[in-house]
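Counting convention: from 1, in listed order, for ligands and their atoms alike. Heavy-atom basis, side chains included; hydrogens, waters and symmetry copies ignored. Since this is a predicted model, take the numbers as computed values, not measurements.
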Amino acid sequence: MKILIKNGRIIDPASGTDNVADLLIENGLVTGISKDISPEKTEKVIDATGKVVCPGFIDLHVHLREPGFEGKETIESGCKAAAAGGFTSICPMPNTNPAADCLPVIDFIKNTATKVSLIRVLPIAAITKGRKGQELSPMGELAEAGVVGFSDDGDYVSGSSLLLNALLYSRTFDLPIMEHCEDACLAEGGLMNEGLLACRLGLKGITNATEEIAVNRDIALAKESGGRLHLCHISTAGSVELVRQAKAAGIRVSAEVTPHHLTLTEAEVNGYNTSAKVNPPLRTQTDIEALIAGLKDGTIDAIATDHAPHTRNDKLCEFGLAANGISGLETALASLMGLVHSGKLSLSLLIEKLTLGPQQVLGEKYQNIGNLKAGSCADVVIFDPDEEWTVDTAKFFSKGKNTPLEGRKLKGRVNTTIACGQIVYQQA
Ligand code: DOR
């Protein structure tokens, strides 16, 4: 299959490309970028005039819920949501049931994904057996099975010696230990960001220190072990500063931030809005400014959605009982484009943090994704940076309709997603 994308603004941060040209895809690979490629013998020509053409996005952090919580999402529905959001590679977290802590579950996820979608599903395995924080999972055989990292996401590994061992052991396979940083003691009973609003709403707050204490300890352990630490969904100005200092000291640490922590504040929780209940909680404008600065100076490597789909009933209850999480794959690009339209982030930097940045966290093995170099895998997204649309969760491919963005007007829309040289999403 030969696909020619004509006349788009091709942005490929990996090669520093940003110009209007044509892009040719043959047999699942990018085979050329230049002006005026002839459409001869191409099965499909896509006119991308006025659109951005860039590498398919890589999401280091999603929840696909299968096995075990198929009412919230399945691998198939999650992959469709990814395609609609422009994501061609996604890394599902292991908080399934059973947890993804052993070969059979990892094999099940990979096999199911291959059957249902062309989206590349790169599983993350649990750090500890059953995600219970007691005993390491069989990391060696999981690494051999091709997992891209280890995480107990949803929970912090509070045992310091256990995490130190995980970091030491992970050096053997050079895979990241992806930590959910939250001091369990401080977090106890917390429901939203600590502050005046939490006080007014009568909800127990979660302080910035809850995250920063955990980030601090993990950085110390990364330093001691020489292992690769990746910090999931950092949300506070203090965490950004800790990562900045750790990087300056040469410690092997990387970090991701979510679209919601970059664009929404705790004010979303007003009215006890459970669709804005998420962990870590939405913070303040000061934190947002620091997170953006962290993206700009390279402290934060990647934007990852933490796509956390839940059922209606999981959220349709009192605030304290509602599940944490936001369904994010299908609104990520458009919500982030708000930062570009308001001049806070450049378009090329945004694309870098959705492509090259996460690819670098995955490592050399994945050099053929996240860029548009000739010979790379033809994972491509075409989007209109200026198209306005209104979020309507009834139209989501994800089973998770839980987003505070419902009904909101956003600017920037995915038109076409191509994975491995085949069209996997086309805007209706
Ligand atoms: O809000 C969240 N939801 N944060 C997490 O860390 C876990 C996730 C989930 O699995 O729903």
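Residues meeting the side chain to side chain donor-acceptor pair (under 3.5 Å) test with E266, sequence neighbours left out: N193. In terms of the ring-ring contact (aromatic ring centres under 6.0 Å, His included) criterion, F108 has no residue partners (sequence neighbours excluded).
At a heavy-atom cutoff of 4.0 Å, ligand 1 is surrounded by H63, R65, N95, D153, G154, H180, H233, V278, N279, D306, A308, H310, N324, G325.
Checking side-chain atoms of E70 against main-chain N and O of G68 turns up a donor-acceptor pair under 3.5 Å.
Among L23, V52, I5, the single residue meeting the side-chain contact (heavy atoms from CB on, under 4.5 Å) criterion with I10 is L23.
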I'd like a table of donor-acceptor pairs (distance under 3.5 Å, sequence neighbours excluded) in which one partner is a side-chain atom from residues 218-227, with atom names and distances.
{"residue": "D218", "atom": "OD1", "partner": "Y156", "partner atom": "OH", "Å": "3.1"}
{"residue": "S225", "atom": "OG", "partner": "L221", "partner atom": "O", "Å": "2.8"}
{"residue": "S225", "atom": "OG", "partner": "A222", "partner atom": "O", "Å": "3.3"}
{"residue": "S225", "atom": "OG", "partner": "G227", "partner atom": "N", "Å": "3.0"}

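Looking at K129 and E135, a side-chain N of the basic residue comes within less than 4.0 Å of a carboxylate O on the acidic one, giving a salt bridge.
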